[in-house]
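Working notes, beginning with the structure itself.
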There are 2 protein chains.
Amino acid sequence: MILNVDLASEVPIYQQLRDQIVEAIADGVLAEGSPLPATRTLAADFGINFHTVNKAYDLLRQEGLIRLNRKSGAVVTQTVADPPFPAEWTARARTLLAEAVARGLPADEVLTICRSILDSFDARKPEGTP
Amino acid sequence: MILNVDLASEVPIYQQLRDQIVEAIADGVLAEGSPLPATRTLAADFGINFHTVNKAYDLLRQEGLIRLNRKSGAVVTQTVADPPFPAEWTARARTLLAEAVARGLPADEVLTICRSILDSFDARKPEGTP
DNA sequence: CTGTTTGTTCTATAAGTTATAGAACAAACA
DNA sequence: TGTTTGTTCTATAACTTATAGAACAAACAG
């Protein structure tokens, strides 16, 4: 897995880390059981504080995407979407999609972009072939 | 247009305002030329500071969604998506879609949700019937 | 057993963001 | 003329972000 952090970005570092790990999971680059680097190791790699990495990992744990323990470190868990999740996700999706439509992107083009993004996930994470 | 603000939310007030106005534009509730309330009026309605409303309006202007002038107030502009926009939008869409997939929502279900959201916009904003 | 690594927890601080506040100005308008 | 409006400025309290140092307990290698 390749992570990169933009220190000049307006997006918080812990958020960048979280987002990239989430995308790696969706991609299939990180599968169920995949270990993540130790917080201090990852922090050293990027020259950032280990508390910042800790915050990203903590977020991912709260979202149920990884599990943390002293012996195995951080490992990716296979999650099944639970009821409260899709509702608030849909609200955020609505805001994002509205932004594209409001700015003049035709709805069918928006959907095409979404489809191609989702297809790029499926490419490495085949749904029907276990 | 019905706006509502949740003061207890972790989402900044100016962001809530911006998001709801963007959705109203996508919905077609706010069409090209529609006037928005004066900053002080809107602030008074919600019991918030007018600088907060100002910030939301300023964001929308930077995004090219509204125009502000002293005589006509804030009015919605019809925008055509320009090159730099879809690229950064796609990056954000990727993050959001990845989150759903990583959390176990099947890709086809995610796409169905996107489609139904986009359809709800189209309902009031017919593309082919002017 | 010893030393190291690891996640975890605590306090602390500097810089930036958010929301509020007051004041003032110029353009538009009744 | 007086009012409304967008715009701009300074200021402040509360919160967030990122960094930092310290310490602890569980797991593990040698």
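None of the values given here were measured: they were computed from a predicted structure. Order of the sequence lines sets the chain letters (A, B, ...), proteins ahead of strands, with each chain counted from 1.
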Quick note, side chain to side chain donor-acceptor pair (under 3.5 Å) partners involving residues 37-50 of chain B, not counting sequence neighbours, are Asn49(B)-His51(B)
Inset, instruction - Check whether the side chains of Arg67(B) and Ser72(B) place a donor and an acceptor atom closer than 3.5 Å, and report yes or no. - result: no
Nucleotide by nucleotide, nucleotides 4-11 of chain C touches protein heavy atoms under 4.0 Å in the pattern (B base, S sugar-phosphate only, - none) --BBBBB-
Requested in this report: Ignoring backbone atoms, establish whether Thr52(A) has a side-chain N or O less than 4.0 Å from OP1 or OP2 of dT19(D).
Outcome: yes
Notebook entry, point to check: Does a nitrogen or oxygen in the side chain of Lys55(A) sit under 4.0 Å from OP1 or OP2 of dT17(D)?
Noted result: yes
Members sharing Tyr14(B)'s hydrophobic cluster, built from side-chain contacts under 4.5 Å between Ile, Leu, Val, Met, Phe, Trp and Tyr, are Leu59(B)
Quiz item: Are OP1 or OP2 of dA18(D) and a side-chain N or O of Asn49(A) less than 4.0 angstrom apart?
Solution: no
From CD of Gln15(A) across to P of dT16(D) the rounded distance in Å is 14 Å
Residues pairing under salt bridge (Lys or Arg N to Asp or Glu O under 4.0 Å) where one sits in residues 101-113 of chain B, two or more places apart or in two chains, turn out to be Glu99(B)-Arg103(B)
Check your understanding: Quick one: are Arg18(A) and Thr95(B) in side-chain contact, heavy atoms under 4.5 Å?
Key -> yes
*How about Ile21(A) and Gln16(A): do any of their side-chain heavy atoms sit closer than 4.5 Å?*
no
Query raised in the report: Counting only side-chain N and O atoms of Tyr14(A), is one of them less than 4.0 Å from OP1 or OP2 of dA18(D)?
Result: no
Here the distance between atom P of dC15(D) and atom CD1 of Ile13(B), to the nearest Å, is 13 Å
- Asp58(A) bridged to Lys55(A) by N-O distance under 4.0 Å: no
Whole-Å distance, Leu17(A) CG to dT19(D) C1', equals 15 Å
Students should find that the hydrophobic cluster of Phe50(A), defined by side-chain heavy atoms under 4.5 Å apart, otherwise consists of none
Note on DNA chain D: ranges paired as stems (three or more Watson-Crick/G-U pairs in a row, both atom distances under 3.5 Å) are C:1-30 with D:1-30
